[in-house]
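What you see is a predicted model, and the numbers here were worked out from it, not measured in a lab. Chain A is the first sequence line, chain B the second, and so forth, proteins listed ahead of strands; every chain is numbered from 1.
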There are 2 protein chains.
Amino acid sequence: MKTQSATRKTFRREGEDKRREDLIAATLECVAERGLAGATVREIAQRADVTAGLIRYYFPTKDDLIGAAYRAVMNRMTVQASDALHNAAADPRSRLQAFVTANLGEPIMDPHNLSLWAGFIALVHADPAMAAAHRDGYLGFRDELEILIREALIASKKPAEPIHTRRHAIAINAIIDGLWLEGCLAGDIFADGELAETGIAAIEAVLGISLHTQGAE
Amino acid sequence: MKTQSATRKTFRREGEDKRREDLIAATLECVAERGLAGATVREIAQRADVTAGLIRYYFPTKDDLIGAAYRAVMNRMTVQASDALHNAAADPRSRLQAFVTANLGEPIMDPHNLSLWAGFIALVHADPAMAAAHRDGYLGFRDELEILIREALIASKKPAEPIHTRRHAIAINAIIDGLWLEGCLAGDIFADGELAETGIAAIEAVLGISLHTQGAE
DNA sequence: GCTCTAATTATGCAAGCGTATAAATACTCC
DNA sequence: GGAGTATTTATACGCTTGCATAATTAGAGC
């Protein structure tokens with residue numbers, strides 16, 4: 001109907017959570033499409049179908065919104081990878097394989113995610129709070145990986161002391177990160193599933209075990 | 001002396017190459033210190049001890065300067081890695097090892113380089129020209145790596161057909177990139193040389209050969 | 001040493017930015 | 001259904017940005 005007043009925008013009052021989520025989602029859209037520089041308060045507001053002033057009602061400053069968006073992305077990727085674990089078989093080697101495959105396929109291996117990630121990483125160096133947030137995320141990921149590695153090694157009757165698993169976790173984390181990077185940047189020059197396969201093979205070589213459930217060494 | 005006029009800045013005419021280099025260097029300083037957003041024409045000019053207008057005399061647009069700076073960084077890292085090869089022993093395995101070690105140590109593995117790299121990568125997605133520049137750099141690096149791998153495999157009497165070396169190059173490139181990333185982001189949580197060692201060990205496992213000259217399999 | 005030109009400075013402009021603040025309005029509660 | 005309040009809009013301010021352009025000057029060549 002919007003015959004309300006003359007021109008003033010009609011609106012609905014949404015719950016605080018809903019609005020925050022919408023604003024974060026709109027921010028991510030902006031960053032994905034036009035980079036961090038394209039994520040202006042006005043553009044974000046327009047995408048969330050809201051006027052710019054409202055942003056400040058929910059986020060004291062734009063940087064707070066950006067930071068929240070960063071955490072949302074990292075959290076989303078982490079959750080997606082963990083989901084893959086829940087749907088995986090019980091064998092630890094299958095689980096590790098599922099984890100790696102999930103991280104090296106859609107929707108995690110996506111240029112948009114890289115743009116977001118890179119944009120934030122560039123800020124890490126200047127902003128200590130952001131740096132801390134990032135390190136936590138990184139170590140959390142590596143810890144989760146290290147647990148998977150340990151269980152896979154044990155299932156293959158290989159030594160799995162911390163002295164081994166730590167170094168393996170570092171190396172395998174690098175393999176996943178590196179391949180993720182390559183796939184995000186130039187996914188089109190790789191065959192479908194090639195990066196995941198390459199990653200699995202490399203990890204098998206590093207650990208000296210097979211990740212295919214039957215015929216494990 | 002500078003009693004020239006009243007206030008006007010005194011200046012010298014520099015060669016075109018010198019000025020371009022200075023401007024690029026100033027740009028890199030800005031990006032490294034305060035991120036891409038901190039690299040404004042005025043800030044860059046100030047750092048190059050020049051007025052802002054001059055930038056446009058050498059670079060049609062700011063994006064051109066940014067692009068040139070990106071290429072300069074990538075080129076610098078590439079050259080530094082290649083330098084390590086020239087000082088390496090003749091054995092292909094030693095050369096590969098030297099290449100990896102160089103990429104996973106100072107001055108290549110440096111937070112500043114990561115900040116620069118990440119800031120630019122964030123733009124790749126939005127700017128096709130930058131995307132092309134990046135892809136060239138990436139493929140160049142991987143090709144160089146693939147040659148080293150092939151020669152190392154041959155020296156160890158292993159199969160070195162393109163079908164093998166391509167996939168190995170992808171995997172090993174990922175290992176190097178991933179470890180480089182980890183080292184740049186959180187170098188302080190690793191022991192000295194730990195990442196390089198980890199990388200060498202992982203690469204040896206992937207290739208199934210030893211990279212230490214004596215006692216090669 | 002004068003001249004001429006290319007390199008450099010100085011100044012200004014229009015647009016877009018984040019943020020502040022006051023006015024308006026949708027919803028809640030009695 | 002009327003009052004009150006939390007949410008939302010609207011407007012404006014001060015800054016910074018990239019870019020354009022005119023005025024100046026350092027240095028080369030004769």
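- Results of the side chain to side chain contact (heavy atoms under 4.5 Å, CB included) test with A/Trp180 over A/Leu114, A/Ile175, A/Asn103, A/Leu195 single out A/Leu114 as the only residue that passes.
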Close N/O contacts between protein and nucleotides 15-21 of chain D (under 3.5 Å):
residue	atom	partner	partner atom	Å
D/dG18	OP1	B/Lys62	NZ	2.4
D/dG18	OP2	B/Val41	N	2.9
D/dG18	N7	B/Arg42	NH1	2.8
D/dG18	O6	B/Arg42	NH2	2.8
D/dC19	OP1	B/Thr61	OG1	2.6
D/dC19	OP2	B/Lys62	N	3.1
D/dA20	OP2	B/Arg56	NE	3.3
D/dA20	OP2	B/Arg56	NH1	2.2
D/dA20	OP2	B/Arg56	NH2	3.3

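- Atoms CD (B/Glu14) and P (D/dA26) sit 14 Å apart, rounded to a whole Å.
- When the side-chain nitrogen and oxygen atoms of A/Arg12 are compared with OP1 and OP2 of D/dT7, none of them lie within a distance under 4.0 Å.
- Between the side chains of A/Thr78 and A/Glu144, no donor-acceptor pair is found at a separation under 3.5 Å.
- A close approach under 4.0 Å does occur between a side-chain nitrogen or oxygen of A/Tyr57 and OP1 or OP2 of D/dT7.
- The phosphate of D/dT8 has neither OP1 nor OP2 within less than 4.0 Å of any side-chain N or O from A/Arg8.
- Relative to the side chain of A/Tyr58, the nucleotides D/dA26, C/dA10, D/dT7 differ in distance, and D/dT7 lies closest.
- One interatomic measurement links the two molecules: CG of A/Leu65 to P of C/dT19, which rounds to 10 Å at whole-angstrom precision.
- What separates CD of B/Gln46 from C1' of C/dA10 is a distance of 16 Å, to the nearest Å.
- Note on A/Glu16: nothing from the nucleic acid sits closer than 4.0 angstrom, heavy atoms only.
- Taking 4.0 Å as the cut-off between side-chain N and carboxylate O, B/Glu43 and B/Arg47 count as a salt-bridged pair.
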